[in-house]
Amino acid sequence: MAERKFWLFKSEPTNYSFDDLLSEEQQTAEWDGVRNYQARNYIRDEMKAGDGVLFYHSSSIPTAVVGTATIAREAYPDNTAWDSKAKYYDPKSNPDNPTWMMVDIMADQRFAHPVTLQEIKKNPKLSSMLLVRRGMRLSIQPVTREEWEEIVALGRQGQ
DNA sequence: GCCAACGTTGGC
DNA sequence: GCCAACGTTGGC
């Protein structure tokens, strides 16, 4: 069995929050709308069922990792790409040759203590994360096992 | 609301 | 294939 990988998914909570994921049936959602090739490649080529996901709230107060989730279904075509009424419609993609892919994620646990971007920047174990590198605006990023473990440990502790 | 840093687009 | 213009992201 391949080694488990770890990821960070960004979402603006006003658009889709961790609470929204928790309130889904089976606490599972299709992660559609990814329209960046690098993120698409991670989804298509590297994500496996069971991989860990840090759920990050961007453009919020505070910006923070608020919980964890699991890859529940591996890459499959993002059908919203060829829905002309969808927000992320892409006329270049079609069912015969889908450009964009998505995974399903299932909520795992909400952190007792959201791990803020500020804390991440101050923590020597976390300060080299892609997340805090200037200009790293990927909505889906790989996270190392060490970073995963540190953030999960911080998130679990009450305060 | 500002604006820096990206990715994408399209003219040449 | 270059690169300027443009749109988007996302912290502040």
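Residue numbers start from 1 in every chain, and the chains themselves are labelled A, B, ... in the order their sequence lines are given, proteins ahead of strands.
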key: A/D78 bridged to A/R40 by N-O distance under 4.0 Å   = no
ask   = Considering only B/dT8, B/dG7, C/dG11, which nucleotide approaches the side chain of A/Q38 most closely?
value = B/dG7
key: Rounded distance (nearest 0.5 Å) linking atom CD of A/E46 with atom CD1 of A/I71   = 12.0 Å
note = Between CZ of A/R35 and P of B/dT8 the distance, given in whole Å, is 13 Å
request  = Write down the distance between CG (A/N36) and P (B/dT9), rounded to a whole number of angstrom.
outcome  = 11 Å
query = Are any of A/K10's side-chain N or O atoms less than 4.0 Å away from OP1 or OP2 of C/dG10?
reply = yes
ask   = Which word best sums up how the rings of A/F55 and A/Y16 line up, parallel for under 30°, tilted for 30 to 60°, or perpendicular for over 60°?
value = tilted
message = Tell me the interatomic distance from A/L131, atom CG, to C/dC12, atom C1', rounded to whole angstroms.
response = 15 Å
query = How many Å lie between CE on A/M129 and P on C/dG11, as a whole number?
reply = 12 Å
ask   = Can you check the A/I140 CD1 to B/dG7 P distance for me, whole Å?
value = 15 Å
inquiry  = Between C1' on C/dG11 and CD1 on A/I120, what's the gap in Å once rounded to a whole number?
reply    = 13 Å
query = Are A/Y56 and C/dG11 close enough that a side-chain N or O sits under 4.0 Å from OP1 or OP2?
reply = yes
Could you pull out the protein-nucleic contacts involving nucleotides 4-6 of chain C (nitrogen or oxygen on both sides, under 3.5 Å)?
none

ask   = Do A/T68 and A/R156 get their side chains close enough for a donor-acceptor pair, meaning under 3.5 Å?
value = no
task = Among A/Q118, A/E119, A/H113, find the residue that satisfies the side-chain hydrogen bond (donor to acceptor under 3.5 Å, both in side chains) test when tested with A/T116.
result = A/E119
ask   = Between A/Y37 and A/W100, does a ring-ring contact (aromatic ring centres under 6.0 Å, His included) hold up when you go through it step by step?
value = CA-CA 8 Å; A/Y37 286 102; A/W100 306 111; 4.7 Å; yes
key: Gap between atoms OH and C1', on A/Y37 and B/dT8 respectively (whole Å)   = 9 Å
inquiry  = Tell me the interatomic distance from A/R40, atom CZ, to B/dG7, atom P, rounded to whole angstroms.
reply    = 15 Å
ask   = What heavy-atom pair brings A/D20 and A/N15 nearest, and what distance separates the two atoms?
value = OD2-O, 4.3 Å
